[in-house]
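The block underneath contains the structure these notes are about, expressed in structure tokens.
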Amino acid sequence: MVKSIFVGNLAWSAEDDDLRNFFAECGTVIRVRIMKDQETGRSRGFAFVDMDADEADAAIETLNGKNLMGRPATLSEAKAREPRRS
DNA sequence: GTTGAGCGTT
């Protein structure tokens, strides 16, 4: 099972590989996607990371507030697109 | 050569 992690407070120069390496130390990164402006091509400052549920939970608690590209990363479970509950 | 709260796309 995979879980989506919301990553905020990203550096403008952050790329998918940077986030992948950042999360890779806590588990296996399945998918990394940085939200970038489609018109300007610049980073919006946040991204989403898909990892195994156990590893994602561990990553959020372990890498949350850690130093990412010189800035404290804001990690949280993504829940905006598909809400829980039926 | 910028900015900074925020939840996406095949």
Side-chain angles (χ1 to χ4, degrees):
Chain A
M1 195 60 192
V2 311
K3 194 181 288 189
S4 300
I5 308 173
F6 173 78
V7 187
N9 202 32
L10 286 179
W12 312 113
S13 307
E15 53 184 322
D16 52 353
D17 196 29
D18 293 313
L19 291 175
R20 191 173 66 164
N21 287 327
F22 185 72
F23 284 93
E25 60 181 302
C26 249
T28 305
V29 178
I30 303 173
R31 176 69 129 120
V32 178
R33 195 136 74 132
I34 300 179
M35 291 283 123
K36 302 196 277 189
D37 197 84
Q38 200 166 9
E39 298 183 15
T40 65
R42 274 165 208 194
S43 173
R44 277 191 184 173
F46 70 98
F48 290 94
V49 179
D50 294 335
M51 295 179 64
D52 185 77
D54 297 334
E55 298 178 338
D57 184 69
I60 292 175
E61 292 194 41
T62 305
L63 304 175
N64 184 27
K66 275 290 183 63
N67 184 60
L68 175 57
M69 294 193 74
R71 292 181 191 177
T74 304
L75 308 182
S76 170
E77 182 184 350
K79 45 170 100 154
R81 210 182 185 254
E82 298 187 23
R84 262 335 141 110
R85 238 60 56 166
S86 312

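In what follows, every chain begins at residue 1, and chains take the letters A, B, ... in the order their sequences are listed.
Residues meeting the ring pair (Phe, Tyr, Trp, His ring centres under 6.0 Å) test with A:F22, sequence neighbours left out: none.
Atom-to-atom distance recorded for A:I5:CD1 and A:T74:OG1 is 13.0 Å, nearest 0.5 angstrom. In this structure, OG1 in A:T28 is found 4.5 Å from CD in A:E55, a value given to the nearest 0.5 Å.
Put simply, CD1 on A:I30 is 19 Å from P on B:dT10, counting in whole angstrom units. Spacing between atom NZ of A:K3 and atom C1' of B:dC7 amounts to 16 Å, rounded to whole angstrom units. Taking atom CD1 of A:I60 as the reference point, atom C1' of B:dC7 lies 13 Å away to the nearest angstrom. We find that CG of A:N64 is positioned 15 Å from C1' of B:dG6, with the value rounded to whole Å. Here B:dA5 presents its C1' atom at 9 Å from CG of A:N9, a figure rounded to the nearest Å. The interatomic distance linking A:F6 (CZ) with B:dA5 (P) rounds to 12 Å, in whole Å. Taking atom CD1 on A:I5 and atom P on B:dG8, their separation rounds to 16 Å, with Å as the unit.
Nearer the 5' end of DNA chain B, as judged by each residue's closest nucleotide, is the contact made by A:A11, out of A:A11 and A:R31.
The listed nucleotides are B:dG4, B:dG6, B:dG8; the one nearest the side chain of A:M35 is B:dG8. When the nucleotides B:dT2, B:dG8, B:dG4 are ranked by their closest atom to the side chain of A:R42, B:dT2 comes out on top.
Contacts classified as salt bridge (Lys or Arg N to Asp or Glu O under 4.0 Å) and involving residues 59-73 of chain A (residues at least two apart or in different chains) are not found.
Base contact: A:L10 has a heavy atom under 4.0 Å from a base atom.
The backbone N or O of A:L75 sits less than 3.5 Å from a side-chain atom of A:N64, completing a donor-acceptor pair.
Under the stacking definition used here (centres under 5.5 Å, planes under 30°), the residue A:W12 qualifies as stacked on the base of B:dT3. Both thresholds, 5.5 Å between centres and 30° between ring planes, are met by A:F48 relative to the base of B:dG8, so the two rings are stacked.
The glycosidic torsion of B:dG6 lies within 90° of 0, which places this base in the syn conformation.
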